[in-house]
Amino acid sequence: MNKRIVWPVAALLAAALAGCGAAGANGATAGTGETAAAPTAAPETAGAPAGSLRWLDEYDAGRCYMVGWSEQDNAYAVAAAYDYAAAAVQPLCSLPGCAHDSPGCEAWRRITMGVGQIAADGGEVFFCYSSGGLLNSGDAAADAELAAWQAEHEGAPVAHIDVCRADGSGRRRLVEFPALEDSEAGTLQMWAADDRSLYVTVRLTNDPADSGDDTRALYAVDRRSGACTELAPNVDTPVFVSGRGLYLFEYELEGEGTADVRDKGVQVRRLDVDTGAWSDGVHHENSWGPASPQGLSSGGCYLTAAGGGARSLLRADTMNGTLEVLDPDSGETLAAVTGLPAAAEGTHVDWQCRELENWYAVQSFELPWGSSEGVERLFLAPRTGGAAQEVKLYQYVSARGTDPIYLYDEWNGRLFCHAAYRETPATMLGKDGVPYATSDIEDIYALLPVESALAGADDCTYFTNWPGLAR
């Protein structure tokens with residue numbers, strides 16, 4: 001089967017690089033505009049209230065933004081939005097009469113720059129580009145040819161962030177990071193936003209032979225001017241936001257240097273993005289159930305953060321089937337969910353939680369010890385607490401098992417979900433130039449009323465994909 005690469009955009013950069021500091025320092029420069037289009041209508045930032053931090057992802061105001069290959073030219077990608085109100089896919093292009101089939105379209109993006117992350121907030125869409133991300137094929141001649149093409153058509157490739165309006169208009173360069181030119185030098189990643197700034201990290205590879213020597217600096221990037229301000233020189237991975245705080249986990253490990261390394265505990269730390277002050281929040285000692293002969297525990301009680309909106313700190317107890325929402329500073333239990341699958345000796349249970357507007361979507365993985373065939377189930381749990389309910393709707397059902405639908409977003413009582421796959425015959429060229437038969441797999445997305453999901457009713461409104469997206 002051939003599943004073409006798509007970035008449904010939580011996809012983090014595969015290769016990127018950057019270095020940025022106070023405006024213009026450490027190689028970061030504010031953008032001047034990639035096209036002649038007018039600047040985006042970003043809010044005035046100087047002295048304006050910033051509001052609460054919001055986690056950055058590809059979902060904003062009833063839309064999901066994606067990037068996929070152009071069917072006409074594989075050197076380009078096409079950016080589009082799954083618009084929930086219209087139940088349609090719309091390329092990010094405002095040009096009247098545009099057929100969206102050539103580089104003149106506002107939705108087209110050059111793949112050679114490595115669109116590693118797309119995020120939306122407040123009616124703006126941000127594109128985070130790596131630098132030199134494709135110049136690592138192992139074929140020196142091919143890399144040299146691509147580098148020459150980039151230099152001729154794009155100038156020197158540099159990591160940067162572009163921004164446009166939700167309809168694709170007003171595209172401009174927000175900020176560049178020209179100090180780094182190599183995909184092995186580091187990674188640029190967007191995490192959160194408020195009304196004034198984006199909050200990004202720059203992970204620098206100081207010693208290619210020692211990843212433990214890497215540093216990850218945190219910066220605020222002004223949404224209008226692109227000016228960068230360093231907030232912290234080295235941070236762990238951000239995991240969620242609340243108020244004006246960006247929260248991170250500091251893990252305490254046991255068994256380091258052995259095959260049985262596990263999290264002993266977690267210290268939650270909060271960075272105040274206004275003052276730069278750090279404070280300690282919850283400290284949690286993890287506990288783990290019996291371990292299999294292969295060292296895989298049945299389950300445990302540990303801290304995690306929900307994906308999606310990333311506003312909640314969760315204590316997952318897979319041994320008892322409960323999920324608690326905690327105040328990240330005091331540790332107070334704010335809500336409790338019951339009725340999730342619980343582990344028992346002989347079976348490993350793991351959960352993945354995604355935060356929607358009113359619900360937690362919990363994906364449960366249950367794997368008997370010594371088996372490679374597990375069971376995957378989907379549950380919806382109220383964010384206010386209460387009993388979780390299983391959603392018995394599936395992307396596919398086969399003799400080897402089932403794969404539940406996947407929930408991404410919630411809007412006006414409906415869920416944006418990955419509902420199915422479509423497989424069609426395809427022909428590809430092998431390395432020897434000889435065609436061979438394969439399959440093309442297309443992801444099918446849909447809107448599903450919450451009440452239908454809970455009732456197990458397939459009452460989906462399906463999207464028709466734009467060519468090249470979702471494959």
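Computed from a predicted structure; not experimentally measured. Keep in mind that the numbers below use all heavy atoms, side chains included, and drop hydrogens, waters and symmetry copies.
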For A381 and A388, which heavy atoms make the closest approach, and how far apart are they?
-> CB-CB, 4.1 Å

Are L314 and Y360 close enough that some pair of their side-chain heavy atoms sits under 4.5 Å apart?
-> yes

So L188 and I161, side-chain contact (heavy atoms from CB on, under 4.5 Å) or not? Walk me through it.
-> CA-CA 9 Å; L188 169 67; I161 297 174; 4.1 Å; yes

Among all residues two or more places apart in sequence or in another chain, which pass the side-chain hydrogen bond (donor to acceptor under 3.5 Å, both in side chains) test with E357?
-> none

Quick one: does D57's side chain have a donor or acceptor within less than 3.5 Å of a partner on Y59's backbone?
-> yes

Is the backbone N or O of R311 less than 3.5 Å from a side-chain atom of E355, with the two atoms forming a donor-acceptor pair by type?
-> yes

Does Q90 reach the main-chain N or O of D83 with its side chain, forming a donor-acceptor pair under 3.5 Å?
-> no

Hey, do the aromatic rings of F416 and F463 have their centres closer than 6.0 Å?
-> yes

Is there side-chain contact between R315 and C301, with heavy atoms separated by less than 4.5 Å?
-> yes

Pick from W55, Y247, W191: which one makes a ring pair (Phe, Tyr, Trp, His ring centres under 6.0 Å) with F240?
-> Y247

Using only heavy-atom distances, determine whether the side chains of T347 and E366 contain a donor-acceptor pair under 3.5 Å.
-> no

By salt bridge (Lys or Arg N to Asp or Glu O under 4.0 Å), D236 pairs with (sequence neighbours left out) none

Side-chain heavy atoms of F126 within contact of V200, under 4.5 Å | no

Could you tell me which non-hydrogen atom of L313 sits nearest to which non-hydrogen atom of T304, and how far apart they are?
-> CD1-O, 3.7 Å

Does the side chain of L231 reach to within under 4.5 Å of the side chain of L246, using non-hydrogen atoms?
-> no

Passes side-chain hydrogen bond (donor to acceptor under 3.5 Å, both in side chains), D458 versus Y394? Steps please.
-> CA-CA 9 Å; D458 186 0; Y394 305 96; over 6 Å; no

Sub-3.5 Å donor-acceptor pair from the side chain of D60 to the main-chain atoms of G123, do we have one?
-> yes

Check whether any side-chain heavy atom of R63 lies under 4.5 Å from a side-chain heavy atom of V125, and answer yes or no.
-> no

Does the side-chain contact (heavy atoms from CB on, under 4.5 Å) test come out yes or no for D280 and Q267, once each step is laid out?
-> CA-CA 7 Å; D280 287 341; Q267 174 65 60; 3.5 Å; yes

Is Y219 close to S197 at the side-chain level, that is, under 4.5 Å between some pair of heavy atoms?
-> no

Test ring pair (Phe, Tyr, Trp, His ring centres under 6.0 Å), reference Y302, set W288, Y251, W351, output is W288

Answer yes or no: is there a donor N or O on one side and an acceptor on the other, between the side chain of R223 and the main chain of D195, under 3.5 Å?
-> no

Indicate yes or no: at least one non-hydrogen side-chain atom of L303 is less than 4.5 angstrom from one of L326.
-> yes

Look at the rings of Y129 and H160 and say which category their plane angle falls in: under 30° parallel, 30 to 60° tilted, over 60° perpendicular.
-> parallel

Closest heavy-atom pair and its distance - L415, A453 = CD1-CB, 3.9 Å

If only atom types and distance count, is the side chain of Q395 paired as donor or acceptor with the main-chain N or O of P404 below 3.5 Å?
-> yes

Just jot down the salt bridge (Lys or Arg N to Asp or Glu O under 4.0 Å) partners of D350, sequence neighbours excluded, or say none.
-> none

Taking the side chain from N234 and the backbone from R216, do they hold a donor-acceptor pair closer than 3.5 Å?
-> yes

If only atom types and distance count, is the side chain of D443 paired as donor or acceptor with the main-chain N or O of H418 below 3.5 Å?
-> no

For N358, does its backbone N or O pair with a side-chain atom of R383 as donor and acceptor, under 3.5 Å?
-> no

Donor-acceptor pair, side chain of E124 and main chain of A166, under 3.5 angstrom | no

Any side-chain donor paired with an acceptor under 3.5 Å for Q363 and E376?
-> yes

So, R270 and D272, do they make that salt bridge, N to O below 4.0 Å?
-> yes

Is any NZ, NE, NH1 or NH2 atom of the basic residue among D162 and R172 found under 4.0 Å from an Asp or Glu carboxylate oxygen of the other?
-> no

Steps toward side-chain hydrogen bond (donor to acceptor under 3.5 Å, both in side chains) verdict (S169, D167) = CA-CA 6 Å; S169 64; D167 65 357; 2.6 Å; yes

Do E252 and H283 have side chains that get closer than 4.5 Å, going by heavy atoms?
-> yes

By side-chain hydrogen bond (donor to acceptor under 3.5 Å, both in side chains), which residues pair with R244, not counting sequence neighbours?
-> D194, D274

Residues at least two apart in sequence or cross-chain that pass side-chain hydrogen bond (donor to acceptor under 3.5 Å, both in side chains) with R414, listed by chain then number, are none

side-chain contact (heavy atoms from CB on, under 4.5 Å) assessment of C228 paired with V175 = CA-CA 8 Å; C228 285; V175 62; 3.8 Å; yes

Partner set under side-chain hydrogen bond (donor to acceptor under 3.5 Å, both in side chains) for T384, not counting sequence neighbours | none

